[in-house]
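Indexing begins at 1, ligand by ligand and atom by atom, following the structure's order. Keep in mind it's a predicted model, so treat the numbers as computed, not measured.
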Amino acid sequence: MLRGTEKTWITVLFLAILFLISLSVYEENVGRNVDRARELESVRIEEYEGKRLSSLDDFRENSIKGPQRIEIGSYRLRVTDTRNNSKEYTYEQIINNLQKYKKVVTLNCVEGWSVTILWEGVLVRDVIGKNATPPDAKVIIFHAYDGYTTSLPVDYIMEKDIIMAYRMNNVTLPPERGFPFELVAESKWGYKWIKWITEIELSNKTDYRGYWESRGYSNSGDMDKGFFEE
Ligand SMILES: Nc1nc2c(c(=O)[nH]1)N[C@H]1C(S)=C(S)[C@@H](COP(=O)(O)O)O[C@H]1N2
Ligand SMILES: [Mo]
C-alpha cells in the first residue's frame, strides 16, 4: 500500500507530465500556424529589381502528356548514382534543409515564345550532395512524372549553379507549371527545362538522349546554336 504522501507525489508527477505534453502539442500547432501565415504573405510579383517579369499565364501548355498533378504526401525525389545506389527525399526535406536561391531567367521554347520569370529553388548540386558524384559521372539524366526525360552534363549543372525551382514569381509552382520542381536550365532551350522532376540520375552514358533529343533536337540544347544542329 502507498502512503498518503507518496500518492500525492505520484499525482503531482502525473499532472506535471500531462502539462508538458499539452505544452509541446500546443507549441507544435502554433509553429504550424506561423508557417502557414508565412505562406500566405507571398503574392505573385510582376517586377523584380527593376526587371519586368512575364506572367505565369504566358507559358504555352504543350507538355507531352498534358498537365500532371503530383500528390505531395507520397512524392519522393530519387537521387541515383552511377552504381545504382539511390536515396529518396520528401518535398519538405528538400525545401527545408537546403539553401535557397533566387534568379531571374528566361525560358525560350523552340516554338518561338519565351517567358522571363523570377525563379526560387535549390542547387541541383546541393540536392545531389558533396560526396555523391563519382568521377565517372559525366551526365545527369532527369526523369519526370509524365515519363519525360532529358540530360545535361554534370559540369554544366555544377559550374553554372543550376537550380531546381519550387517557386516562380514568389508563388509555389502551379501543377501545370511543374509542381513540385522544374529545372531552370539557363542558356538551354525549353525542352531541357524538365518539369515534375521525380529522379536525378548520375550517369556515364554520354550518348543518352532524352524525349525530344531522341526525336531530333540537339542534345546540348544550347540556345546560341540551332536546336536541330548536331
Ligand atoms: N516533364 C516534362 N517537362 C517538360 C516538358 C514536358 O512535356 N514534360 N516540356 C518541355 C518544353 S518543350 C518546354 S518549352 C518547357 C515549358 O513548357 P510549358 O510551357 O508546357 O511549361 O517545359 C519543358 N519541360
Ligand atoms: Mo518547348
Hey, would you say the Tyr75 and Tyr91 ring centroids sit under 6.0 Å apart? no
Whether the side chain of Arg125 engages the backbone of Met158 through a donor-acceptor N/O pair (distance < 3.5 Å, no angle test) should be reported. yes
Report, in ascending order of atom number, the atoms of ligand 1 lying under 4.0 Å from any heavy atom of Trp113. 19 (O)
Mind checking whether Trp189 and Leu107 sit in one hydrophobic cluster, side chains of I, L, V, M, F, W, Y counted as touching below 4.5 Å? yes
Distance to 0.1 Å, residue and atom name: give those for the protein heavy atom nearest to atom 8 (N) of ligand 1. Asp146 OD2, 2.8 Å
re atom 7 (O) of ligand 1, the protein heavy-atom contact at minimum distance is Ile64 N, 2.8 Å
Does ligand 1 have an atom under 4.0 Å from some heavy atom of Tyr217? no
Which ligand 1 atoms does Asn62 reach within 4.0 Å, using its non-hydrogen atoms? 17 (O), 20 (O)
Could Arg177 and Glu61 be called an ion pair, given the rule that one side-chain N must be under 4.0 Å from one carboxylate O? yes
Tell me which protein heavy atom sits closest to atom 21 (O) of ligand 1, plus the residue, atom name and distance to 0.1 Å. Lys195 NZ, 2.6 Å
Return the option from Tyr148, Trp189, Phe59 holding the heavy atom at the smallest distance from atom 9 (N) of ligand 1. Tyr148
Which one of Tyr148, Tyr211, Phe181 satisfies the side-chain contact (heavy atoms from CB on, under 4.5 Å) criterion with Ile194? Tyr148
With heavy atoms of Arg60 as the reference, note each atom of ligand 1 found under 4.0 Å away. 18 (P), 19 (O), 20 (O)
Out of all atoms in ligand 1, which are within 4.0 Å of some heavy atom of Arg177? Include the element for each. 18 (P), 19 (O), 20 (O), 21 (O)
Assess the side chains of Ser63 and Lys195: does a donor N or O sit below 3.5 Å from an acceptor N or O? yes
Aromatic contact, Tyr145 with Trp196 (centres under 6.0 Å): no
For atom 15 (C) of ligand 1, which of the options Gly190, Gly147, Ala185 provides the nearest non-hydrogen atom? Gly190
Residue pair Phe227 / Tyr191, side-chain heavy-atom distance below 4.5 Å: yes
Evaluation steps, side chain to side chain contact (heavy atoms under 4.5 Å, CB included), between Asn170 and Lys102: CA-CA 10 Å; Asn170 268 5; Lys102 281 187 181 190; 3.6 Å; yes
Short list, please: which atoms of ligand 1 are under 4.0 Å from a heavy atom of Glu61? 20 (O)
For atom 24 (N) of ligand 1, what's the nearest protein heavy atom and its distance? Trp193 O, 2.8 Å
Here the atoms of ligand 1 under 4.0 Å from any heavy atom belonging to Ala144 are 1 (N)
Which atoms from ligand 1 have a heavy atom of Trp196 less than 4.0 Å away? 1 (N), 2 (C), 8 (N)
For Cys109, the ligand 1 atoms whose distance to one of its heavy atoms is below 4.0 Å: 14 (S)
Main-chain N/O of Ser54 paired with Asn169 side-chain donor or acceptor, under 3.5 Å: yes
